[in-house]
Enquirer: 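Pasting a structure here, questions to come.
The figures that follow rest on heavy atoms only: side chains count, while hydrogens, waters and symmetry mates do not. When a ligand or atom number is given, it counts from 1 through the structure's own listing order.
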Amino acid sequence: MRFRIDRQSDAPVQQQIADQVRAEVGAGRLRAGDRLPAIRDLARELGVHRDTVAAAYERLAADGVVESTVGRGTFIAAGVTPASPDRRELVLSPLVERVLAWERSLPRIADVSGAVPLHALVPEPGLYPVDAFRRALGKVLAEGGASLLGYGAPQGHPLLRKLLAERLGRSGIEATADELVLCHGASQGIALALRLFATQGDAVAVEDPTYHNVLATLHSLGLRPVTVPMGDGGADLDALERALAQPDVKAFYTIPTFHNPMGITTPLAHRRALLALAARAGKPVVEDAFQLDLGNGGKLAPPLAALDPHGLVVQLFSFSKTLFPGARVGSILARGRSVQALLALKRASDLADAMPLQAALAVLVESGAYDRHLAVLRRILARRRKALLEALDEEMPAGTRWTRPEGGYQVWVELPAALDSAELLPEAARRGVLYAPGQQFFCDGRRSNGLRLTVAMADEAAAARGAALLGRLVRERLAEEPRLADAASIHV
Ligand SMILES: Cc1ncc(COP(=O)(O)O)c(C=O)c1O
């Protein structure tokens, strides 16, 4: 087959290559077992870097369209068949098409077994307090029995709400159990909170970079992101002011504590200024406090919700990064009529959450097991972060910068300006280290020299090994193509 690259297109070259292979398969012109051109040959033919072709092939492999065998090449996977002529292609909604296009544009992180997983933001399963959770679940089912197995209250388990309200109090937030709505992870909380204020065609101000799944949520709701660039100390407040002044911008979504992907926590003055801006604009702030419980005992600035006399802040919380994501329990703190509105939206979307899980989490929190687990987790993460940061100091070449988070899992690295972290990823994976390329966190999916590392799945030794592999690769790449060192800067 002949590949064609449209240089005017917004779609990245690697996506164009992958899409053309998919189209050929769909049309039956490429069949299971057919060989794709060698990476080097296709790169030469198209005049692109071989990492770009490799990234396209990796994406296809991750989707099961192709299989690669070291030394033999890349082939259309067994079992991949052309679309049946009788099968009708249903017309999907334009919003869904937009979400699909957005997902396709994300750089894929191949699952390379044995590679150091510095890309993952899922706590290591070995750290989950499984025994304590099993005992808690047994206890609530023994005591609550059938009463826990009906449709629960849309607002969530009352004891867990009460305990969470008390915990928020310790962070300086005045909240009652009635002001909390439990939800299916912070992810559902994000969608519900945004739907409180914005409908299809509206816009939401977001930090750039930001949590990539928020971008998917915005697309799926027909909302447009308006970007507010992130600096070392948080969102650019002048840009935020301009964004909030736009009439169609209905809210600001922010991650002030252990930002994803940057890992930074904004200082008190920034938080106060941000809230003053929002108050002047009369716009709500959705504070994603998904890692609030990973703070280091009072050294962090109070959450936005604790500094908010006007009731502008809707705050999201999650147990996913402190216990385990599988319980799918998060909460939304809201004030006044927003609580009733959230309950209506919650009923409309899924009636209610699973009560046995929330009841078991309430036992973990009430018994002190959650706090004991947190203390251990924070110590482990502190050691891992230290190992990673020391290894970066040691291994990364001049011209690389990174954040120094005070807690949480993630560290943001900016490679020397002309390197593209998504293009570098397939080679990094081959050499045994994975990271999350910056491109996926930017609203416009632009090339980026930024990348996110985490210590969720990597202990101290693995974190140091991963940083060493990354450092070596970056140094080699710069040496191989010295012009990269002073080529035009890629925006981070
Ligand atoms: C900033 C942010 N918010 C929310 C979530 C999702 O949390 P949950 O598992 O509670 O849905 C994540 C997951 O990585 C995240 O990074």
Side-chain angles (χ1 to χ4, degrees), residues 106 109 117-125 127-128 156 160 164 180-195 204-218 220-221 225 228 230 234-235 251-266 285-295 303-305 313-333 342 346 349-350 353-354 357-358 361 370 377 381 403 405 407-412 435-438 440-443 451-457:
L106 288 179
I109 302 169
L118 296 181
H119 65 301
L121 187 44
V122 180
E124 188 179 324
L127 299 176
Y128 300 167
L160 185 56
L164 282 178
L180 283 172
V181 175
L182 302 188
C183 53
H184 203 72
S187 305
Q188 188 185 39
I190 293 169
L192 293 177
L194 294 178
R195 286 169 66 200
V204 172
V206 294
E207 290 152 342
D208 204 34
T210 188
Y211 171 42
H212 61 288
N213 211 37
V214 164
L215 301 174
T217 304
L218 291 177
S220 71
L221 296 174
V228 181
M230 283 292 284
F252 176 45
Y253 167 84
T254 174
I255 316 166
T257 306
F258 309 138
H259 184 268
N260 185 12
M262 296 186 70
I264 62 169
T265 294
T266 59
V285 176
V286 177
E287 176 184 28
D288 190 336
F290 78 125
Q291 289 185 356
L292 189 63
D293 274 352
L294 294 178
L304 293 177
V313 177
V314 174
Q315 190 198 54
L316 310 171
F317 173 78
S318 171
F319 282 107
S320 289
K321 312 298 170 179
T322 49
L323 278 176
F324 34 74
R328 307 307 300 128
V329 178
S331 70
I332 315 169
L333 168 67
L342 283 170
K346 178 86 182 131
S349 53
D350 63 0
D353 291 331
L357 296 176
Q358 294 187 358
L361 290 199
Y370 177 59
L377 184 64
L381 293 184
T403 55
Y409 295 88
Q410 56 277 17
V411 171
W412 176 251
Y435 55 79
Q440 73 188 54
F441 304 104
F442 287 99
C443 294
L451 58 94
R452 187 193 69 191
L453 303 180
T454 75
V455 290
M457 292 271 194

Enquirer: Which residue owns the protein heavy atom closest to atom 16 (O) of ligand 1, what's the atom, and how far is it?
Expert: N260 ND2, 2.8 Å
Enquirer: Are the side chain of E287 and the backbone of P256 linked by a donor-acceptor contact shorter than 3.5 Å?
Expert: no
Enquirer: From the options S320, P117, P325, select the one residue that forms a side-chain contact (heavy atoms from CB on, under 4.5 Å) with V122.
Expert: P325
Enquirer: Heavy atom of Q291 under 4.0 Å from ligand 1?
Expert: no
Enquirer: Between T454 and A120 (side chain of the first, backbone of the second, donor and acceptor by atom type, cut-off under 3.5 Å), is there such a pair?
Expert: yes
Enquirer: Donor-acceptor check, side chain of Y128 to backbone of P123, threshold 3.5 angstrom: yes or no?
Expert: yes
Enquirer: Can you report which non-hydrogen protein atom sits closest to atom 11 (O) of ligand 1, along with the distance?
Expert: S187 OG, 2.5 Å
Enquirer: When you measure from atom 1 (C) of ligand 1 to every protein heavy atom, which one gives the shortest distance, and what is it?
Expert: D288 OD2, 3.4 Å
Enquirer: Using a plain distance cutoff, I'd like to know if S320 has any nitrogen or oxygen under 3.5 Å from a nitrogen or oxygen of ligand 1.
Expert: yes
Enquirer: Quick one: which ligand 1 atoms are inside 4.0 Å of a heavy atom on R328?
Expert: 8 (P), 9 (O), 11 (O)
Enquirer: Please list, in number order, the atoms of ligand 1 under 4.0 Å from a heavy atom of I255.
Expert: 1 (C)
Enquirer: Return a yes/no value for F290: is any of its N or O atoms, backbone included, closer than 3.5 angstrom to an N or O of ligand 1?
Expert: no
Enquirer: Do any nitrogen or oxygen atoms of H184 lie less than 3.5 angstrom from nitrogen or oxygen atoms of ligand 1?
Expert: no
Enquirer: Measure centre to centre between the rings of H119 and Y435, then say whether the value is under 6.0 Å.
Expert: no
Enquirer: Hey, is the main chain of H259 close enough, under 3.5 Å, to the side chain of Q410 for a donor-acceptor pair?
Expert: yes
Enquirer: Give me the residue, atom name and distance of the protein heavy atom closest to atom 7 (O) of ligand 1.
Expert: A186 CB, 3.8 Å
Enquirer: Which is closest to atom 5 (C) of ligand 1 in terms of heavy atoms, F258, F317, F319, Y211?
Expert: Y211
Enquirer: Can you tell me which residue among T403, N260, L118 is in a side-chain contact (heavy atoms from CB on, under 4.5 Å) with R452?
Expert: N260
Enquirer: Could you check whether the rings of F290 and Y211 sit parallel, tilted or perpendicular, using 30° and 60° as the cut-offs?
Expert: parallel
Enquirer: So, does K321 sit close enough to ligand 1 that a heavy atom of it is under 4.0 Å from the ligand?
Expert: yes
